[in-house]
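Comments concern the structure below.
Just the heavy atoms: all of them, side chains too, but no hydrogens, waters or symmetry mates, feed the values below.
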Amino acid sequence: MTMRFLMTTKGGDAAPPSEAVHAEMAAFVEEMTRAGVLLATGGLDPAGLHVSASGGEMTVTDGPFTETKEAIVSFALIEARSQQEAIELSRRFWKIIGEGEGTIQQVFGPQD
């Protein structure tokens, strides 16, 4: 049985990644895709939109809403056999990227 996990990274004060880091990350993404572990990945606009609903009405407000270093700027949706496997994949990611901060959250769906 496998589980899905959403791994996110926050912005920060780090310099943009070098070409070598981009190449190493591309190889890691390709490896995870071939293995069927990586379901989706991408970068996120740190500004975004804020949505709130109350009394049957929805309000949409332009961002940004948090400090850039606190905004989630990228994600990976993975499928792993355990939380420990998700942590190990995250460890490999951070070894490539270096310093930073993020989260790993299990994703539940209708079949869970």
Side-chain angles (χ1 to χ4, degrees):
M1 182 174 181
T2 59
M3 299 175 273
R4 290 178 313 277
F5 293 90
L6 180 65
M7 300 166 40
T8 61
T9 59
K10 290 185 178 181
D13 300 327
S18 68
E19 288 299 318
V21 169
H22 274 288
E24 193 173 354
M25 184 56 65
F28 181 51
V29 166
E30 185 176 327
E31 174 191 335
M32 290 191 355
T33 301
R34 277 196 318 267
V37 174
L38 183 63
L39 304 177
T41 188
L44 301 171
D45 177 3
L49 299 171
H50 181 263
V51 178
S52 63
S54 178
E57 296 295 321
M58 186 174 96
T59 303
V60 179
T61 309
D62 290 335
F65 300 98
T66 60
E67 292 185 41
T68 303
K69 66 182 181 178
E70 295 297 320
I72 296 172
V73 296
S74 67
F75 75 95
L77 180 62
I78 64 166
E79 194 164 56
R81 291 181 297 273
S82 66
Q83 184 181 58
Q84 188 58 40
E85 183 180 10
I87 291 169
E88 288 306 314
L89 289 169
S90 182
R91 190 179 317 278
R92 289 182 63 196
F93 169 84
W94 287 107
K95 187 175 181 180
I96 295 167
I97 295 300
E99 297 181 6
E101 188 177 333
T103 64
I104 302 171
Q105 296 173 278
Q106 187 171 354
V107 176
F108 299 101
Q111 68 276 12
D112 297 319

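Arg81 approaches Met3 most closely through the heavy-atom pair O-CE, 3.4 Å. Of all non-hydrogen atoms in Trp94 and Gly100, the two that sit nearest each other are CZ3-CA, 3.3 Å. For Ala80 against Ala86, the heavy-atom pair with the smallest separation is CB-N, 4.0 Å. Taking both residues in full, the closest heavy atoms of Phe5 and Val107 are given as C-CG2, 4.0 Å, listed atom of the first, atom of the second, then distance. Contact between Thr41 and Phe75 at its shortest, heavy atoms only, is OG1-O, 2.9 Å. Heavy-atom minimum distance, Met7 versus Leu89: CE-C, 4.3 Å.
Side-chain N or O atoms of Thr33 include one that pairs as donor or acceptor with a backbone N or O of Val29 at under 3.5 Å.
In this structure the side chain of Phe93 reaches within 4.5 angstrom of the side chain of Met25, judged on heavy atoms. Using a 4.5 Å heavy-atom cutoff, the side chains of Leu44 and Val73 are not in contact. When side chains are defined from C-beta on, Ile78 does not count as touching Leu39, because their heavy atoms never get closer than 4.5 Å.
Within a 6.0 Å radius of CD in Gln83, no more than 12 heavy atoms belonging to other residues, nucleotides or ligands are found.
Between Glu88 and Arg91 there is a salt bridge, since a side-chain N of the basic residue sits under 4.0 Å from a carboxylate O of the acidic one.
In this structure, CG in Leu38 is found 8.0 Å from CG in Leu77, a value given to the nearest 0.5 Å. Residue Thr61 holds its OG1 atom at 8.5 Å from CG of Leu49, rounded to the nearest 0.5 Å. Between atom OG1 of residue Thr8 and atom CD of residue Glu101 there is a gap of 9.5 Å, rounded to the nearest 0.5 Å.
Cluster membership for Ile96 and Val37, using ILVMFWY side-chain heavy atoms within less than 4.5 angstrom, is shared.
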